[in-house]
Asker: 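My structure is below; once you've seen it, I'll send some questions.
In what follows, every chain begins at residue 1, and chains take the letters A, B, ... in the order their sequences are listed. Keep in mind the model is a prediction, meaning the values are calculated, not measured. Below, all heavy atoms of this structure are taken into account, side chains as well, without hydrogens, waters or symmetry copies.
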Amino acid sequence: MELFLKIGLAAVLLMLVWRLYPAAKEQMKNGPKGSSDDWKGLILPAVLLIGFVFLLIMMVRS
Amino acid sequence: MNHNITMPRSQEQVLATNKVLKNTYMLLSATMLFSALMAVISIYLEMPPMVYMGAVIGSMLLGMFVLPRTANATSGIGVIFLITGLLGFGLGAILTRYLAMPNGPEIIGTAFAGTGIIFLSLSAYVLTSRRDFSFMGGFLFAGMITVVIAMVANIFLAIPALSLALSAAIILLMSGLILFDTSRIINGGETNYIMATYSLYLSIFNIFISLLQILGIMGDD
């Protein structure tokens, strides 16, 4: 039963990739491109997010 | 060329955007509550972990094939409640396992609070800065495809380190998606509140599940 569910889940996930691929291709080809400042602006939220997850891990471990 | 220029928008456009945002958050709150109720029922019934996989398969099929066809009709609301209810029921099966662990309730509480803080902070950041994050689209889609392919491999390989790395990648990607989706709503790129709710719900759900997994593995000595 579990193997069937695993195969089913893998099939549905591959179906998702097949559905996502054209949108991804379109976004990468014709989607808006960010300037270097746009990408730099994401560094702070990303660092804060990673720091926050580490804080949660420390809280659970303590 | 910089495409991320905010154009002056008419009052009607601003009102329409605010309506989509308000409806999205209202539907998101309702679906979250329904999902939590279904999770409680699932915990009460002590569902086995494989129910989670079944619920994910069912909700993904509904999300891919039924929701896009009903999102412009009233029936779309029923479909989104069906999807989120199924995911909540599946989540209950996972939570039952965590509750059996010695520090399980603490891990669940921390993951829940952490998910809430991440979602509220990222949403507040977009809503106050009014920045356009549409430039992240290509990166997020490519990242999602990579992660999904790695997830398929790990369903059969079951490598704990890969599972941990995938959870970390999912948290980063879903956080990016919250920025991207919220920015699309406030900039008029998403006008359907049912699809906007579905996307935000999935981001929150995936962050919660991934945090649960990271805290479950890392919190254990």
Asker: Heavy-atom distance under 4.5 Å between the side chains of A:Val60 and B:Met218, does that happen here?
Answerer: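 Contact flag for A:Val60/B:Met218 side chains = no.
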Asker: Just how far is it from atom NZ of A:Lys25 to atom CZ of B:Phe141, taken to the nearest 0.5 Å?
Answerer: 15.0 Å
Asker: Where do B:Phe139 and A:Trp39 land on the side-chain contact (heavy atoms from CB on, under 4.5 Å) test, with the steps shown first?
Answerer: CA-CA 11 Å; B:Phe139 169 77; A:Trp39 289 104; 3.7 Å; yes
Asker: I'd like to check A:Met59 versus B:Leu215 (side-chain heavy atoms, cut-off strictly below 4.5 Å). Are they in contact?
Answerer: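 No; the side chains remain at least 4.5 Å from each other.
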Asker: What is the minimum heavy-atom distance between A:Met15 and B:Leu61, and which atoms define it?
Answerer: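 Heavy-atom minimum between the residues: SD-CD2, 4.4 Å.
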Asker: Quick check on B:Thr110 against chain A: is it the side chain, the backbone, both or neither that has a heavy atom closer than 4.5 Å?
Answerer: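 For B:Thr110, the contact with chain A is made by backbone and side chain together.
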Asker: Check each atom of B:Ile155 against the heavy atoms of chain A and say whether the ones under 4.5 Å are side chain, backbone, both or neither.
Answerer: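 Both parts, backbone and side chain.
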Asker: Would you say the side chain of B:Phe156 lies within less than 4.5 Å of the side chain of A:Ile7, judging by non-hydrogen atoms?
Answerer: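 Heavy-atom side-chain distance check passes, below 4.5 Å.
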Asker: What's the shortest heavy-atom distance between B:Gly114 and A:Phe52, and which atoms?
Answerer: O-CE2, 3.6 Å
Asker: Among B:Ile107, B:Ile118, B:Leu179, which residue has the highest count of heavy-atom pairs closer than 4.5 Å to chain A?
Answerer: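 Most heavy-atom pairs within the cutoff with chain A belong to B:Ile118.
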Asker: Can you check side-chain contact (heavy atoms from CB on, under 4.5 Å) on B:Met144 and A:Leu20, steps first, answer last?
Answerer: CA-CA 8 Å; B:Met144 277 200 295; A:Leu20 275 177; 4.2 Å; yes
Asker: If you round to the nearest 0.5 Å, how far is OG of B:Ser134 from CD of A:Gln27?
Answerer: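 One finds 8.0 Å between CD of A:Gln27 and OG of B:Ser134.
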Asker: Does the pair B:Met64 and A:Trp18 meet the rule for a side-chain contact (heavy atoms from CB on, under 4.5 Å), with working shown?
Answerer: CA-CA 11 Å; B:Met64 277 192 283; A:Trp18 175 65; over 6 Å; no
Asker: Quick one: does A:Leu44's side chain get under 4.5 Å of B:Tyr125's, heavy atoms only?
Answerer: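 No, too far: nothing below the 4.5 Å cut-off.
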Asker: Please say whether more than 12 non-hydrogen atoms of neighbouring residues, nucleotides or ligands are located less than 6.0 Å from CE in A:Met58.
Answerer: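 Not more than 12 within 6.0 Å, no.
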Asker: Pick one of side chain, backbone, both or neither for A:Leu13, based on which atoms fall under 4.5 Å of a heavy atom in chain B.
Answerer: both
Asker: Below 4.5 Å from any heavy atom of chain A, which atoms of B:Leu140 appear? Answer side chain, backbone, both or neither.
Answerer: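 Neither; nothing under 4.5 Å.
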Asker: Show your reasoning for whether side-chain contact (heavy atoms from CB on, under 4.5 Å) applies to A:Arg19 and B:Phe65.
Answerer: CA-CA 10 Å; A:Arg19 301 265 298 191; B:Phe65 299 107; 3.7 Å; yes
Asker: Below 4.5 Å, heavy-atom pairs only: which of B:Gly137, B:Ala153, B:Ala113, B:Gly54 has the largest tally toward chain A?
Answerer: B:Gly137
Asker: How close do B:Ile57 and A:Leu9 get, counting heavy atoms only, and between which atoms?
Answerer: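 It is CD1-N, 3.4 Å.
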Asker: When only pairs under 4.5 Å are counted, which of A:Leu42, A:Ile50, A:Val53, A:Leu3 shares the most heavy-atom pairs with chain B?
Answerer: A:Leu42
